[in-house]
Structures are given as structure tokens and as C-alpha cells.
4 protein chains.
Amino acid sequence: MSKKSLLDEMIAQTTLSKKKTDKQQKIAETAVKMFAEKGYANTSTSEIAKEAGVAEGTIFRHYGTKDNLLLAVILPFIKESLPSMAENVFKEVYSEDKSFEEFLRAFIKNRRSFISQNQELFKVIVKELLYSDELKEELLPFFSEIVLNRFLMMINHYKSRGEIVELPSEKILKLMFTVIVGYFVSDFVLTPKPSAYHPEEDIENVVRFIMNGIRKES
Amino acid sequence: MSKKSLLDEMIAQTTLSKKKTDKQQKIAETAVKMFAEKGYANTSTSEIAKEAGVAEGTIFRHYGTKDNLLLAVILPFIKESLPSMAENVFKEVYSEDKSFEEFLRAFIKNRRSFISQNQELFKVIVKELLYSDELKEELLPFFSEIVLNRFLMMINHYKSRGEIVELPSEKILKLMFTVIVGYFVSDFVLTPKPSAYHPEEDIENVVRFIMNGIRKES
Amino acid sequence: MSKKSLLDEMIAQTTLSKKKTDKQQKIAETAVKMFAEKGYANTSTSEIAKEAGVAEGTIFRHYGTKDNLLLAVILPFIKESLPSMAENVFKEVYSEDKSFEEFLRAFIKNRRSFISQNQELFKVIVKELLYSDELKEELLPFFSEIVLNRFLMMINHYKSRGEIVELPSEKILKLMFTVIVGYFVSDFVLTPKPSAYHPEEDIENVVRFIMNGIRKES
Amino acid sequence: MSKKSLLDEMIAQTTLSKKKTDKQQKIAETAVKMFAEKGYANTSTSEIAKEAGVAEGTIFRHYGTKDNLLLAVILPFIKESLPSMAENVFKEVYSEDKSFEEFLRAFIKNRRSFISQNQELFKVIVKELLYSDELKEELLPFFSEIVLNRFLMMINHYKSRGEIVELPSEKILKLMFTVIVGYFVSDFVLTPKPSAYHPEEDIENVVRFIMNGIRKES
DNA sequence: CATGAATGAGGTTTCATTCAT
DNA sequence: CATGAATGAAACCTCATTCAT
């Protein structure tokens, strides 16, 4: 109870942009940067404190435990990102009369831009997802419910419009996400950041590749 | 020099199936299993010792450091796996008159089977690749030289036979590997192992997806 | 850089008598005492912690490594002692019209008193000088520059006044210091401390012995 | 009992040049060399074993404990050296009609040559005398009885012949030995060995210095 | 005699966390 | 709110010693 309550408060603080002291803000930023660089397990709270210019005690005053600090920087990001992600999906699909290819292109661009602005955090999430079962159990169902389900609906929608091949939607979804997520991971996690880098061509290739893979042959 | 020599000896021991005491064998096995489960950083040598039924000192007598233990279980696997991987590729391609699709299917099946037999180790490698720059710098160039280059040649070969679309070979390669590796990671690292599981259908989908993505339209 | 910085801070703390917590002070005192008794290599940090009444972690919070702890207690002592030693020499020599014998007697008394007040530390330094090349390389040049050079000048000075025999000054210096240092080592390091002990007579013998050895025959 | 008996056997083996296998011989030589270089506490038995080209178990088969190994290389040296040292003294003194100065010169030369041939061992003894109370209690009384007492007799002898000043013989002895031992320690322990080095001049200075210090003014 | 794998006590060091100021 | 000294459990690692072969 008390364990959760502090965490919930953290999340509330972030999303509701409630009171958050400068120090607290600095700690979160520094933690994200360092977790991204060296991984959660290899970053000590004393390093974070030094780098953030605060006393070690201050971290614990605000976040209670190191685990909490990790979740407190990850979860708000997710809770904020995923629903808006879903919103975007809906806007693209229903408000206009785009083809699936146009939607896909817009979606990837949109998500790439978002991740690009939060590279470090994305790194942290990807890395720690592999390690923390807690994180996995917290994020994946949420992700599935908010994002994948809507995507499934969309695939069905475009299937019914005859734009997509008649494979099981789950398989299509999985392959699509493998390519998209694989592309993001490859670009943002594995490679040393190519600061000035124009991704339009790569995006175009990914779109073409996926579309070829799922387009309904006429 | 002295740092490397112990490690080299470890590798030699494995590949040459030289003398390796029961305890030493047990330590390596246990380490792989536990690293796969909880990650390298979250597994202590004392836990490994207890689980393996040896004294903690025995680990260090044989492997010197914990880092060495990690590398000693990973590197032999790689040095053994990658060349044979490349050999397989060549056998499939040059010995017969297969289409690219047939080659691709055989390749994925072959590699899937191999990884399936070494799931734990595969997990460890994927996880630690994200963290350890040392591992990254050791493995990726090796992988690139042994595997990717031959694949590139093959893509060019099939391009000249008119089976593959005229995109830059590097882009084709990257997308293909994103799908294949993504498929393996998704199956073996992310999901809790579905012990009885028939992958033929999935493989077929992956092959079809890739082939659609790169097949030359006639 | 980072290795040195903590050590430099230690030294600064001592010489500038800056902030130093009670525990930190206690650790240093205890370490000196135990290093003197049993030697650096035979004293464990856990013993020091227990004897000093602190947690073992506290030692490392303040001194970083055991090596640092040794240097942190030795070096400030040296940097403080040697310059003042040189100052004393100059005061004796130039401010008054003493004979060399009077100077020598005052010098030995002065240094003996100083070492007597820091017996343990003196023991530690003598013992570890034999073992630690690092210490040797740090201390001996400093000692040579600060102390021996001035002594050489003095010997030359008294030579020109005709009080000292015409041997090469370096030889005279070496013999003198052999006797003086040998006397101190013999008194403070080798023998179990004779707490109530009046050294005046011994000092007188040393002075007479040296003076006989170097006095210019008239 | 059993502790001593093995050690005594070691000593017997050495002095009586009893059976001693090649391995045993190699171990002792290697141990002396490494103890001299890095000190007893900083030299591990596994290092000695590797350097000597034997299995670690072999060391313990022959010497029982590491402590024993130290004593087994030191004590025979002492028991052999000291009595013969004393013998030399007597030969010089009684067989001929040398002056004290001539005796002193011969003595220092003789001992310097002996130590020079056993530099490493001398280093070990000097270093470990500072640390090991056991060694101190074993060696110093023996040394005092065998060497110092005869020297005292000699000083008295030469005093009665009017060659030496009328100070208490113990004081004279102490100062003399301070200079002589200090000279040896300075030459063999502190300084990095000057391989080609002619000590005649230094010896002459030491002799002159001591003689000036104790010669009876006529 | 010789080996070297195995041990386990103990060494140094790290680090999340607490708490008095 | 913020600090940073203090903690102690646990991490990695070393090493003298034993013993089956």
C-alpha cells in the first residue's frame, strides 16, 4: 500500500504537472540519461546524485527507492504516450479518407518523431523491459489494450476495404510491429546516435517493405 | 595479455572440447541459465555457486572474474555458431539451384532450430548486447564480416537472376534481418517460453512477408 | 585524475585542518596505530572498523580505498614535517653564530622530539617505505629536495669556516644521515618502546660520534 | 610439537645438505627471490608455484605452511652465517696482531661480500624483521649472543690496548653497528642495485668515519 | 613424490537506504 | 525541504590449505 502510494503520487505529479521542485526535476532528467547510457543496474544512486548536483538523500526523499525512481520516470512517459498514440491512430484513420499506406507512413513518422525526442527514455524502457518482469507485466498488457487492439480494428477495417491481404490479423500485426519496433530499436538503441540524419528514405523503405508484405494482390 | 590469455584458454577449452572438470561444466551451465533468467548484473556469483553446488572460490579459480565467466560462455558459442551459419548459407546457395525463397525458408528454419537448442544463451547474448559495449565491439564486426557480407553477395546474386527487387542491397539486408532477428527475439527472449509450439506456420508467414517485401514484380 | 583528487582532498583536509568528522578522525588514528603494530598488509579494514567503532563502509566512504587510507595518514605528515624541518635548520644556522656541533645537537633534539610525538606514524612510514615503490618514489625525491639539499649547503658553509673535514660533502651527508636515521629507527621502530626514557645521553653520544667522524683536525 | 618438528627438519635438511629434491630447491630459490621483491605478505603461494614451475600442492607437501616456507629459507641462512661470522671475527683478532682499524676494515669487507652474495635473502630478512615478531624473537637474541657478545669482548680488548676511546662499550657497539648495518641496508635494500659498483671507497669512508668516532685521542 | 581441483574463510569494495541536523 | 555522514548487507575476489588421484 505505502509502496504503491508514493509511486502513484509520483505519477500524478508528473502527469498533472503538479508541484515538482527543481531538484526533483533534475534528478529525473539525470536518471533517465544515466540509465540510458549505462543501464539501470550499473548506475548507482550516488552517481546520479553527483551528476544531478543534489545530495544522495534528496533522491530518496522524493522517490523512496531506486526502483521507484526508475518507474517514476518510465511510467508517466508511457501513460502519456500510449493514449495519445492511440488518439493519433484514430484521427488518422477515421477523420480522413487515407489509404492504409498513407496511414502507415504517417504513423511511423509520428512515432519516430516522438521517440526521437525521447531517445534516452526509449532506450531505458527497451533495455529494462528485457530485465524487469515487473515492468513487463505492467507495460505489455497496457500496451496491448491501448495500442494493439485499436490497430487490430484498423487492420480489419482496411481488410474490409480490400487493401490488405487475407492473413490472420494477429499475424499481420505481429509482423508489422516486428518491423516497426525493430526499425526503432535499431536506430535508437543499437547504433551510436547519428545526430544529423535524415530518416525519410529509411521510413519510405520500411513502408514499402511492409506494404509489399501485406498488400492485397489485385 | 594476461587478461586475454585466461579467456582465450576458456574458449580453446570449449571449442576443442578439452579437459573441463565436472564442476567447471556445471558452473557454465548454471551461469547461462541464471544470466538468461535474471540478467548478468542481477545474478551474483554466490547465487551461481550455490545453484551449481560448488564453492564460490571454484568459480574464480576457473574463470578469474565474473566478466570472464560471461564471455567464456558467450564467445565460444558465437565463434562456433557464426562460421557454421555462413557455411550453411553457402551450401544452400551454391550447391543447388534453389530459388531465393527456398533458400530463405531453409535458412530461417536452420537458424531457428539452432537458437531453439540454445535459447538461454541466445537470451543472454541479446540482453547483454544492449549493455556491454565490449561485447558489442567484439561481436558486431565479427558478425558483419562473417554473415552479412556473404548475405550481401547472395542478394546481389539473386538480384542478377532477377528474383529480387532493385533496391540498395544494404537496405534489403537490413529490413530482412530486422524481421528475422525481430522474429527470433520476439519468440525466444520476450515471450515466456511456449514449450510445445510448432513454428512452421510462423516461419511460413515470415518468409512470405519478406518475399512479398523484396520480390521483383514481374 | 579522479584517483588523485580524493587523495588530494584528504591531504588538504588534514593540513588545512578542514572539516573532518569524528569518525573520520577516529579511523585515521586507529589505522595509524594498527599499521604501526602489525603492518599495512596484515591489518584488515574490518579490524580497523571494529577497533575504531565504525562500520566498515564508513572507512570507504571517507577514504575510497585502503591504499588511500595509508597515503592519507602518511602524506600530510610528511608534507608538514619536512618543510618545517628545513625551516628549523635555517633558523639554527643563519640566525645565530652557532658551531656545527651546536647546530647538530639542536637538530637531532628537534627531530627526535618530533618523531617521538609521532612514533606510530614514523613506524608506518619506515616499514612501508621498504615495501611500497609508490611511496618511495613519492617521498624520497621530496625529502632529497627539501632536506638534503639544504643540508649540503650547510655542510659546505661549515667547511668554508674550517669546522668540517675536507671529504666530499655527499659522503659526509650520507654517513651523518645513516647514523641519525639509524639511531631513530633503532629507537622507535626496532625496540619495544621504553616509555620513560631519557635520551639526552644517547643524543650526546651520537653527536660526539658524528663530530669526531667529521671534525677537521686542527 | 608437530609444527616445530617439520621446521626443524627443514633446517636440518638445509644445513646438513640432506636429500632435497630439485623441486624443493627450486621452490626455496623462487620464494626468496619473490619475497625480496614484493615482500612476504604480497607474494602468494600460487605465484611462487607458477614461477617455480611446480604445482601449488608441492609447496605444501614440502613446507607445510607458507610461514614455514619463510622460516625455512631464512633460518638456515642465519644459523649458518652467524657462527661463521663469529668465527671470522675471532680469526682476525686473535691469530694476528692487527690494529682495530685493520680488523674493522676486514670485517666490513667480509660481511659485505657475504651479503652481496645473498642480497635477496638479506632483503627478506630486513623487511620481515620489521613485521614478524616471531622472527624478531628468534633472531635477535641469537644474533646478540653469537655476534654482539664477541664484539663486546673485542672492544674491551682493544680498549685495554688503548686504541679505543673510553666510552661505555655498549654505546660504542651500538653506534658502530648502526653505521655498519645502516650502510648495508642503504646499499642492498633501499637502492636499486647498481650492478657494476666498486665499494672500496665507500668502505674506506665508513671505516674512517667509525675510527674517527671511536679512536682514542693520543 | 607430485599434482591441481576444490574449498571456504576472509579481504576489499560498493551501494541502497536511513536519519540527525 | 535538503543534506551528507553513517550504515551493513552483499558484491566480487584472493589465497592458504586440503585431498583424491
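Naming convention: chains lettered A, B, ... in sequence-line order (proteins, then strands); numbering from 1 in each chain.
One interatomic measurement links the two molecules: CD of Gln24(D) to C1' of dT3(E), which rounds to 16 Å at whole-angstrom precision. Straight-line distance from the NZ atom of Lys26(A) to the P atom of dC1(F): 19 Å, rounded to whole Å. For the pair Lys23(C) NZ and dG4(F) P, the computed distance is 19 Å after rounding to whole Å. If you measure from atom CZ of Phe60(D) to atom C1' of dC15(F), you get 8 Å, rounded to the nearest angstrom. Across the protein-nucleic acid pair, Met34(D) atom CE and dA16(F) atom C1' stand 15 Å apart, rounded to whole Å. Atoms CG (Asp67(B)) and P (dC13(F)) sit 7 Å apart, rounded to a whole Å. Rounded to an integer number of Å, the gap from OH of Tyr63(A) to P of dT18(E) is 17 Å. Taking atom CG of residue Asn42(C) and atom P of nucleotide dT12(E), one finds them 10 Å apart after rounding to whole Å.
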Item to check | Step-by-step side-chain contact (heavy atoms from CB on, under 4.5 Å) determination, Val124(A) to Val73(A) | outcome: CA-CA 10 Å; Val124(A) 175; Val73(A) 297; 5.6 Å; no

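Not one N or O on the side chain of Tyr63(D) forms a donor-acceptor pair closer than 3.5 Å with the backbone of Leu71(D). Between the Tyr40(C) side chain and the Asp67(C) main chain, a donor and an acceptor come within less than 3.5 Å of each other. Under the 3.5 Å distance criterion, the side-chain polar atoms of Lys127(D) are left unmatched by any main-chain donor or acceptor of Tyr131(C).
At a threshold of 4.5 Å between non-hydrogen side-chain atoms, the residues Ile125(B) and Ile78(B) count as touching.
Contact between the side-chain N/O atoms of His62(B) and the OP1/OP2 oxygens of dA6(E) is found at a separation under 4.0 Å. Put simply, Lys66(B) has a side-chain N or O that comes within less than 4.0 Å of OP1 or OP2 on dC12(F).
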Checklist outcome for this item: Given Watson-Crick and G-U pairs under 3.5 Å, DNA chain E in dot-bracket ([ ] crossing, | other strand) is .||||||||||||||||||||

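Side-chain proximity of Arg61(C) to dT18(F), dT3(F), dA6(F): nearest is dA6(F).
Asn42(A) meets the side chain to side chain donor-acceptor pair (under 3.5 Å) test with no other residue; sequence neighbours excluded.
We find the OG1-NE2 distance between Thr21(C) and His62(C) to be 4.0 Å, quoted to the nearest 0.5 Å. For the atom pair CG of Asp22(C) and CD of Gln24(C), the computed distance is 10.0 Å after rounding to the nearest 0.5 Å.
Of all non-hydrogen atoms in Leu129(B) and Lys136(B), the two that sit nearest each other are O-CE, 3.2 Å.
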Please tabulate, one pair per line, all N/O donor-acceptor pairs under 3.5 Å involving side-chain atoms of residues 53-60 of chain A, not counting sequence neighbours.
{"from": "Glu56(A)", "atom 1": "OE2", "to": "Thr45(A)", "atom 2": "OG1", "distance (Å)": "3.0"}
{"from": "Glu56(A)", "atom 1": "OE2", "to": "Ser46(A)", "atom 2": "N", "distance (Å)": "3.4"}
{"from": "Thr58(A)", "atom 1": "OG1", "to": "Ala55(A)", "atom 2": "O", "distance (Å)": "3.4"}

Under 3.5 Å donor-acceptor pairs involving side-chain atoms of residues 28-36 of chain B, not counting sequence neighbours:
{"from": "Glu29(B)", "atom 1": "OE2", "to": "Gln25(B)", "atom 2": "NE2", "distance (Å)": "3.3"}
{"from": "Thr30(B)", "atom 1": "OG1", "to": "Lys26(B)", "atom 2": "O", "distance (Å)": "2.7"}

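For DNA chain E, the residues of residues 51-58 of chain B within the heavy-atom distance limit of 4.0 Å (strictly under) are Val54(B), Ala55(B), Gly57(B), Thr58(B), sorted by number. Of the residues in residues 43-50 of chain B, those lying under 4.0 Å from DNA chain F by heavy-atom distance are Thr43(B), Ser44(B), Thr45(B), Ser46(B).
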